[in-house]
Amino acid sequence: MSILAFPDAKFPAGGIDGPVNDAVGGACIARSTDGGVHFQIFQCVSNSDPIPGNANSSKGHFYDGGSMAAGPGGEIYAAFVDIDASQIDVWRSPDGNQPFTRLPGPFPNYYAGSHPRIRVGYDGTLFVMTIVRSAGTDVYLLALNHLRNGAWDVPQFAASLVEAFPNVDFNSSVLGAPLTMRAGPQYSFDLGTSSVDRDDSLRFMYTQRNNRGWMFVRGGICDYNLRSCGWYDGWTFGAAQAGERDQRLDVFNPNVAAFPGFIGIGPRWQGTTMSRYGNTATTVNVSRGTLGYVNGTPFMIPVDIVRDSAVCSDLRGYWGDYDGFLNVQVNGDSVRFMRFLTDSSLGCTRRWTYVGANQHVRAVDYWY
Amino acid sequence: MRPSRLALVFVLALFGAVLLEACSRPQRGSPDHDQNGRPIESVSPVPPDRSALVPAREMVPVLQLPRIESVGACGPVYKTGQRGACINDTPCRGFGVRGENGQALCTCYGQVGGCSENQRCDDRKLTCVPDDEPPRERERPR
């Protein structure tokens with residue numbers, strides 16, 4: 001796992017009162033060799049390439065939003081968004097024992113703007129997803145690239161009008177202050193088993209807004225070589241069209257997880273989202289759905305797995321914006337999926353600029 | 001014990017073990033179905049309907065140009081306390097880049113000239129935002 005780093009060279013001697021953005025430089029990667037019981041710092045990674053106009057850049061660029069993945073040969077990858085350079089930095093250790101070294105960037109000609117997501121395919125191909133700045137009015141494009149035999153391909157763009165850094169407005173008040181939620185990256189993908197006669201082995205989800213400003217989530221596919229991408233209307237969570245509902249529905253925080261299948265166990269494709277419903281609200285739901293097909297027609301039905309979970313964000317809206325989703329266990333022909341989210345079930349007792357209490361992490365699981 | 005009884009005991013023990021194993025398995029969640037009760041398959045056993053796929057349309061990203069130093073003291077100060085740049089002796093609500101013809105340009109992630117007077121250039125959103133919009137902050141250490 002990785003955490004953000006505060007190098008001494010960037011940390012003021014008198015400490016910090018307020019945001020710490022200017023003091024973050026690189027990240028540290030911790031390793032466990034006993035199945036996650038204990039972790040030790042393995043290596044701190046930092047990009048100190050000088051950036052003209054940014055005097056602090058040589059002390060370590062501001063990294064955020066880490067994503068890690070392991071390959072079939074034991075190689076380990078770690079990716080971060082480099083806020084100072086507007087790039088995605090990817091680091092690789094060939095076996096988890098040798099140190100990480102920085103790879104060339106996957107999107108060198110573009111302005112990359114949000115937390116990367118990475119996955120490694122069955123043949124060791126590394127896939128990276130992020131958003132980049134569009135030249136049009138739609139602001140953000142969903143960008144993908146893959147590293148095969150040590151070389152990046154040409155970046156591909158899977159979708160436009162992608163929502164980024166949304167502030168979910170609950171139109172309500174908790175402990176005397178407006179309730180909002182500052183959400184994190186609004187895209188996700190995974191790699192898994194393909195359908196018959198159609199390479200849909202990469203499936204992704206991303207958040208958009210409809211013409212009333214409500215958020216909804218689309219699901220789509222790319223082929224393994226990233227030559228063809230698109231989305232399915234049948235994999236839509238929420239209201240893509242105005243007029244479908246009379247009360248506000250926002251659906252966001254998409255996550256995709258695949259189980260590729262094994263002898264006697266069929267493959268699985270699952271997606272989850274978070275939602276807030278009603279003209280005013282103080283809670284969220286989490287839904288799951290099979291990103292699947294009925295007789296070849298893309299189809300998905302959302303099923304609630306968390307209902308009415310109380311939100312207790314801080315006054316900036318922060319409520320833990322790094323929801324995760326994994327397949328974690330196989331037993332017989334059942335696959336266990338686990339969705340992580342922030343939990344405030346112990347009650348909302350304090351809200352301040354930098355504190356919302358109580359905030360903990362919760363895991364919800366189901367067998368499918 | 002006669003061989004036939006031994007075999008019976010063995011068969012019963014095997015049956016019991018299989019039953020125990022099956023009962024201890026987690027119940028697979030009922031597969032999702034559509035409104036007509038047909039199962040939703042994660043992997044389509046028939047070729048998926050090609051007409052259902054809405055292809056990604058032509059998209060043009062902003063090209064990143066090489067950054068240049070801010071020169072001089074004319075860089076504007078945003079309401080957040082952060083500074084813009086001073087490019088060509090002109091306040092720049094953005095940062096400086098070297099244009100395709102080698103000229104120094106003020107830009108905010110592709111918006112040539114930078115942001116307008118009441119805006120600032122946000123390095124998280126990669127665009128101009130209202131000057132009084134708080135930046136997306138990392139929390140301070142507790």
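Per chain, numbering begins at 1; letters A, B, ... match sequence-line order.
Side chain of A:Arg198 to backbone of B:Pro48: no donor-acceptor contact under 3.5 angstrom is found. Panel note: side chain A:Tyr140, backbone B:Lys125; a donor-acceptor pair is recorded below 3.5 Å.
With a 4.5 angstrom heavy-atom cutoff, A:Gln87 touches chain B only via side-chain atoms. Proximity to chain B is absent for every atom of A:Ala258, based on heavy atoms less than 4.5 angstrom apart. For B:Tyr109, the parts lying near chain A are the backbone and the side chain together; criterion is any non-hydrogen pair under 4.5 Å. For A:Ser194, the part sitting under 4.5 Å from any heavy atom of chain B is the backbone (N, CA, C, O) and nothing else. For A:Arg336, no part lies near chain B; criterion is any non-hydrogen pair under 4.5 Å. For A:Asp22, no part lies under 4.5 angstrom from a heavy atom of chain B. Contacts of B:Ile68 with chain A are made by backbone atoms alone, with heavy-atom separations under 4.5 Å and no side-chain atom involved. Interface remark: A:Phe165 contributes backbone and side-chain atoms alike to the contact with chain B (heavy atom separation under 4.5 Å). Interface residue A:Val303: only side-chain heavy atoms are found under 4.5 Å from chain B. Proximity to chain A involves both the backbone and the side chain of B:Ala52, based on heavy atoms less than 4.5 angstrom apart. For A:Leu291, the part sitting under 4.5 Å from any heavy atom of chain B is the backbone (N, CA, C, O) and nothing else. In this structure, no portion of A:Ala143 lies under 4.5 Å from any heavy atom of chain B. For chain B, the nearby parts of A:Pro267 are the backbone and the side chain; heavy atoms of each come within less than 4.5 Å. Interface remark: A:Ala164 contributes no atoms to any contact with chain B (heavy atom separation under 4.5 Å).
Chosen from B:Val60, B:Asp49, B:Asn36, the residue pairing most often with chain A at heavy-atom distances under 4.5 Å is B:Val60. Considering only heavy-atom pairs separated by less than 4.5 Å from chain B, the leading option among A:Ser86, A:Pro155, A:Gly113 is A:Ser86. Chain B forms more heavy-atom pairs under 4.5 Å with one residue of A:Val132, A:Val139, A:Asn295 than with any other, namely A:Asn295. The candidate with the highest count of non-hydrogen atom pairs below 4.5 Å against chain B, out of A:Trp231, A:Tyr232, A:Phe259, is A:Trp231. Between chain B and the options A:Met300, A:Arg203, A:Gln329, heavy-atom pairs under 4.5 Å are most frequent for A:Arg203. Counting heavy-atom pairs closer than 4.5 Å to chain B, the top residue among A:Ala158, A:Pro298, A:Ala55 is A:Ala158.
Between B:Arg124 and A:Asp64 there is a side-chain heavy-atom pair separated by less than 4.5 Å. When side chains are defined from C-beta on, B:Ile40 does not count as touching A:Tyr293, because their heavy atoms never get closer than 4.5 Å. Side-chain atoms of A:Val294 and B:Glu41, non-hydrogen and from C-beta on, never get closer than 4.5 Å to each other. You'll find the side chain of B:Gln64 reaches within 4.5 Å of the side chain of A:Tyr111, heavy atoms only. No side-chain heavy atom of B:Val54 sits less than 4.5 Å from a side-chain heavy atom of A:Asp233. You'll find the side chain of A:Ser134 stays beyond 4.5 Å of the side chain of B:Pro61, heavy atoms only.
Atom OG of residue B:Ser42 and atom CH2 of residue A:Trp269 lie 9.0 Å apart, to the nearest 0.5 angstrom. Taking CG of B:Leu65 as the start and CG of A:Asn109 as the end, the distance is 10.0 Å to the nearest 0.5 Å. Rounded to the nearest 0.5 Å, atoms CG (B:Leu53) and CG (A:Asp200) are 9.5 Å apart. Distance check: A:Phe299 CZ to B:Gln35 CD gives 4.0 Å after rounding to the nearest 0.5 Å. Separating the CZ atom in B:Arg38 from the OG1 atom in A:Thr297 is a distance of 7.5 Å, to the nearest 0.5 Å.
Between A:Asp197 and B:Arg50, the closest heavy-atom pair is O-NH2, 3.2 Å. Closest of all the heavy-atom pairs between B:Ser44 and A:Gly296 is OG-CA, 3.5 Å.
A salt bridge links B:Asp32 with A:Arg288: the distance from a Lys NZ or Arg NE/NH1/NH2 to an Asp or Glu carboxylate oxygen falls below 4.0 Å.
No more than 12 heavy atoms of other residues, nucleotides or ligands shown are found within 6.0 angstrom of CD on B:Glu58.
Between the side chains of B:Arg57 and A:Ser160, a donor-acceptor pair is found at a separation under 3.5 Å.
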